[in-house]
Visitor: 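Dropping the structure in here first, questions after.
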There are 2 protein chains.
Amino acid sequence: MKTEAIEDYLKNIYLSGRSGTKVSLTLLAKKLEVKPASVSGMIKRLEGMNLVKNSKKTGIILTDAGEKIALEVIRHHRLIESFLVEALGVPWNEVHEQAEKWEHMLSEKIEDRIDQMLGYPTHDPHGDPIPKRDGSVPETSDTPLNTLKAGDVGKIERINDQNPEILEYIGKLGLYPQTRFRILEVGPLNDLISLEVGDEKVQIGLEVARRIFVTVG
Amino acid sequence: MKTEAIEDYLKNIYLSGRSGTKVSLTLLAKKLEVKPASVSGMIKRLEGMNLVKNSKKTGIILTDAGEKIALEVIRHHRLIESFLVEALGVPWNEVHEQAEKWEHMLSEKIEDRIDQMLGYPTHDPHGDPIPKRDGSVPETSDTPLNTLKAGDVGKIERINDQNPEILEYIGKLGLYPQTRFRILEVGPLNDLISLEVGDEKVQIGLEVARRIFVTVG
DNA sequence: AGACCATATTAGCTTTGCCTAAATACTGGA
DNA sequence: TCCAGTATTTAGGCAAAGCTAATATGGTCT
Ligand SMILES: [Mn+2]
Ligand SMILES: [Mn+2]
Ligand SMILES: [Mn+2]
Ligand SMILES: [Mn+2]
């Protein structure tokens, strides 16, 4: 009825759609590491279950029922990531893979207990919002670090990447969510940003800056 | 190659065989809640993979390769149970169900980290031995509580049941692993045992006593 | 318009893991 | 020995989830 594959499809449709992008079969196929033909079939099935709609103008979009499931899986994922970091001290770049598996089989009881034990967290270790039981989703920043200018002060909110190497790199620079910073200098081609974090001076390139979302002020 | 179903089969063959009982298709079908015809097919497949052997005299037995996998899954299961009890405070009667799911997808890294965080535990919350990485299995008691006589003193080692209600019942009586006790009285038909646990007096029936394994002395 | 490239769909096939129903094999007692 | 009941196997099917190969659609550029 609600298989692991279905959950993964819905989750990826939700996450791909977030950024305003139209979700196509091929895009989804890439995300799910599966052939477009397979996606075509599955989307048809999901339409039959009233979990998604598909049209060339809108692309693939979730119905309310579909979004509900997507949010539940994402909630599981992010609670598990938080739990592994908090309770087990797993580095933030190693939790994604495990959460990816466990998210599909988290009992309601354990889910609640994790939530409670962590003090009903609103964001996971990467700063991504943890959807609530009722389906509401806490706020997130959509301002990438590379749009700021010299002199700006702000706080890191979220790192938009799950690649372990990249996360490790960013972590080594001390750029975790909730970290305050000041922009010291921006290169003329916008490809290098110098910032002050605590007492440290840190340089990052454009590609990394793109993945770091912040609030200014 | 090594699916969830395969792991469940091997695990159940191992656990059913432990008690010296010959493992038949029908027994296994009962444990796995699956029809005998399905088991017949799967056992054939497992034989082809050299994970089990089957003959009418021996019943179904694991090969070395099969046992290796079985022990690995059991190790996962029991580490996860321990982790949930220790790190999350989940009651001992609620951890089995969750471990049953997660056991099939525990990464080596997280496995090691749990092991270390718990101080390399040898037994799970129910007193069952946690197989080590190298495939060795810590000692367990095979003496059921109902074989003792009045005056005997001992320690509870293991509760051989995963039914949440029964575990809750036993827990309420305070009969956890590592608990010391003294037998006060045994009914003439062996169907009721009175024991002293701490300062408390506790009565248990035969069926419960059968499931509690102890060391004497 | 025509050619080309990307995208989407369809048909047909494979594996896994289960099912039912029917056929066999085995075993213990009368 | 024979027979009933139990255990096992076989045959035939089904649903999920993927794959390849072939076809259709659709826009963009010349
Ligand atoms: Mn997943
Ligand atoms: Mn995350
Ligand atoms: Mn299992
Ligand atoms: Mn246990």
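Atoms considered below: every heavy atom in the structure, side chains included; atoms not considered: hydrogens, waters and symmetry mates. The model shown is predicted, which means the values in this text are computed figures rather than measured ones. Labels below follow one simple rule: chain letters A, B, ... track the order of the sequence lines, proteins then strands, and each chain is numbered from 1.
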Visitor: Where along nucleotides 17-28 of chain C does protein come under 4.0 Å, by heavy atom, of base (B) or sugar-phosphate alone (S), with - for untouched nucleotides?
Guide: SSBBB----S--
Visitor: I'd like to know if the side chain of A/Trp102 and the backbone of B/Met105 have a donor-acceptor N/O pair within less than 3.5 Å.
Guide: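 Between the backbone of B/Met105 and the side chain of A/Trp102 there is a qualifying donor-acceptor contact (under 3.5 Å).
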Visitor: A/Asn54 has an atom CG; how far is it from atom C1' of C/dT9, in whole Å?
Guide: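 Going from CG in A/Asn54 over to C1' in C/dT9 covers 12 Å.
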Visitor: Flag the pair A/Glu168 and A/Lys172 as a salt bridge only when some basic side-chain nitrogen lies within less than 4.0 angstrom of an acidic carboxylate oxygen.
Guide: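 Yes.
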Visitor: On DNA chain D, compare the nucleotides closest to A/Leu32 and B/Thr26; which residue's is nearer the 5' end?
Guide: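 The 5'-side residue here is B/Thr26.
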Visitor: Using whole Å, what does the distance between atom C1' of nucleotide C/dA8 and atom NZ of A/Lys30 come to?
Guide: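 After rounding, the reported distance stands at 13 Å.
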Visitor: Salt bridge check, B/Arg158 against B/Asp142: does any charged N sit closer than 4.0 Å to a carboxylate O?
Guide: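 Counted as a salt bridge, because a side-chain N and a carboxylate O are separated by less than 4.0 Å.
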Visitor: We want to know whether A/His104 and A/Asp8 form a side-chain donor-acceptor pair, criterion being a heavy-atom distance below 3.5 angstrom.
Guide: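 Present: a donor and an acceptor within the cut-off.
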Visitor: If you walk 5' to 3' along DNA chain D, what is the first nucleotide with an atom under 4.0 Å of a heavy atom in chain B, and what is the last?
Guide: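 For DNA chain D, the relevant span reads D/dA7 to D/dT10.
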Visitor: Any salt bridge between B/Glu97 and A/Lys109, counting N to O under 4.0 Å?
Guide: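 Salt bridge: no.
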Visitor: Once side-chain contact (heavy atoms from CB on, under 4.5 Å) is applied, do any residues pair with A/Gln178, and if so which ones, sequence neighbours excluded?
Guide: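 By the side-chain contact (heavy atoms from CB on, under 4.5 Å) rule, A/Gln178 matches A/Lys155, A/Glu157.
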Visitor: Of all the heavy-atom pairs spanning B/Leu71 and B/Pro131, show the shortest one and how long it is.
Guide: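 Reported closest heavy-atom pair: O-CG, 3.7 Å.
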Visitor: Taking the six-membered ring for Trp, are B/His126 and B/Trp92 closer than 6.0 Å centroid to centroid?
Guide: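 Yes, the ring centres sit under 6.0 Å apart.
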